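Just so it is clear, the model here is predicted, and its values are computed rather than measured.
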Amino acid sequence: MKLRLKIINLEKEYFNGEVDLLNVNTSSGELTILANHLPLITNIKVSHMYTVNNGETIDYAIAGGTLFVNEEECKIITTAIESADEINEERAMSSKNRAEERIESSNNSIDLVRAEASLKRALNRLSLLKK
């Protein structure tokens, strides 16, 4: 039996299909979701996640979000998600460098929390490329 998975980001419905399983890092820990999973709502950490379908594993870098599971489907709502194939290493490295510069800056107008979150997302994307 397959798990119906929908992933929605800020731009569009990113994925809508069936998979054998979803593995995701949540505020409750790492979870593997299969078909007929108990209902669940939890937050997703900035992390790697993956799906497996017919023996094929697809790795993703996800910028956090919310996971909803019910009897019929699993839904992820996130601000950003990229598969390993979609990650632009140059852009991710540029984001990392920009965030590091902002964090190291003595400029009081810099939003430090936002810069640290940006750095975390960039490092997450880069680490998926090294996997």
Practice prompt. Just jot down the side-chain hydrogen bond (donor to acceptor under 3.5 Å, both in side chains) partners of Ser28, sequence neighbours excluded, or say none.
Written response: none
Worksheet item: Hey, which of Val46, Leu10, Asn9, Ile44 is the one that makes side-chain contact (heavy atoms from CB on, under 4.5 Å) with Thr78?
Response: Asn9
Worksheet item: Would Leu34 and Met49 show up in the same hydrophobic cluster when neighbours are defined by side-chain heavy atoms closer than 4.5 Å?
Response: no
Worksheet item: Do Met93 and Leu123 sit in the same hydrophobic cluster, where Ile, Leu, Val, Met, Phe, Trp and Tyr count as joined when their side-chain heavy atoms come under 4.5 Å apart?
Response: no
Worksheet item: Side-chain heavy atoms under 4.5 angstrom apart, residues restricted to Ile, Leu, Val, Met, Phe, Trp, Tyr: same cluster for Leu3 and Tyr50?
Response: no
Worksheet item: What residues, two or more places apart in sequence or in another chain, satisfy side-chain contact (heavy atoms from CB on, under 4.5 Å) together with Asp85?
Response: Ser83
Worksheet item: Can you tell me how far the CZ atom of Arg121 sits from the CG atom of Leu126, to the nearest 0.5 Å?
Response: 13.0 Å
Item to complete: Calculate, to the nearest 0.5 Å, the distance between atoms CZ and CG belonging to Arg102 and Asn97 respectively.
Response: 12.0 Å
Tell me which donor-acceptor pairs under 3.5 Å the side chains of residues 35-43 have, and how far apart each pair is, sequence neighbours excluded?
from, atom 1, to, atom 2, distance (Å)
Thr42, OG1, Ser27, OG, 3.4

Worksheet item: Do the side-chain N and O atoms of Glu13 and Asn16 include a donor-acceptor pair separated by under 3.5 angstrom?
Response: yes
Worksheet item: With hydrophobic residues grouped by side-chain heavy-atom distances under 4.5 Å, do Phe15 and Leu128 end up in a single group?
Response: no
Worksheet entry | Ion pair Glu100/Lys96, N-O distance below 4.0 Å | yes
Worksheet item: Between Ser95 and Arg91, is there a donor-acceptor pair closer than 3.5 Å when you use the side chain of the first and the backbone of the second?
Response: yes
Worksheet item: Near Arg4 CZ, under 6.0 Å, is it more than 12 heavy atoms from other residues, nucleotides or ligands?
Response: yes
Item to complete: Start with the C-alpha gap between Asn23 and Glu30, add the side-chain angles, then the distance that decides, and say whether side-chain contact (heavy atoms from CB on, under 4.5 Å) holds.
Response: CA-CA 7 Å; Asn23 184 278; Glu30 187 173 351; 2.8 Å; yes
Practice prompt. Not counting sequence neighbours, which residues clear side-chain hydrogen bond (donor to acceptor under 3.5 Å, both in side chains) with Asp59? List them please.
Written response: Lys131
Discussion item. So, taking the atom named CG in Asp20 and the one named OG1 in Thr57, what distance separates them when rounded to the nearest 0.5 Å?
Written reply: 9.5 Å
Fill in: Crowding at CD, Glu90 (>12 non-hydrogen neighbours, <6.0 Å)
no
Worksheet item: For the atom pair CD (Glu101) and OG (Ser105), what is the distance rounded to the nearest 0.5 Å?
Response: 9.0 Å
Worksheet item: Side-chain donor-acceptor pair under 3.5 Å between Asn53 and Glu18, yes or no?
Response: no
Worksheet item: Rounded to the nearest 0.5 Å, how far apart are CD1 of Ile103 and CZ of Arg98?
Response: 12.0 Å
Practice prompt. Quick one: list whatever passes side-chain hydrogen bond (donor to acceptor under 3.5 Å, both in side chains) with Ser127, sequence neighbours left out.
Written response: His48
Worksheet item: Do Asn54 and Glu56 have side-chain heavy atoms sitting under 4.5 Å apart?
Response: no
Worksheet item: Closest approach of Ala61 and Ile87, non-hydrogen atoms and distance?
Response: CB-CD1, 4.1 Å
Side-chain donor-acceptor pairs of residues 63-77 under 3.5 Å, sequence neighbours excluded:
from, atom 1, to, atom 2, distance (Å)
Asn70, OD1, Glu72, N, 2.8
Asn70, OD1, Glu73, N, 2.9

Fill in: Distance (rounded to the nearest 0.5 Å) between Ile7 CD1 and Ile62 CD1
6.5 Å
Worksheet item: Hey, quick one: are Tyr14 and Ile33 part of the same hydrophobic cluster, counting side-chain heavy atoms closer than 4.5 Å, chains of contacts allowed?
Response: yes
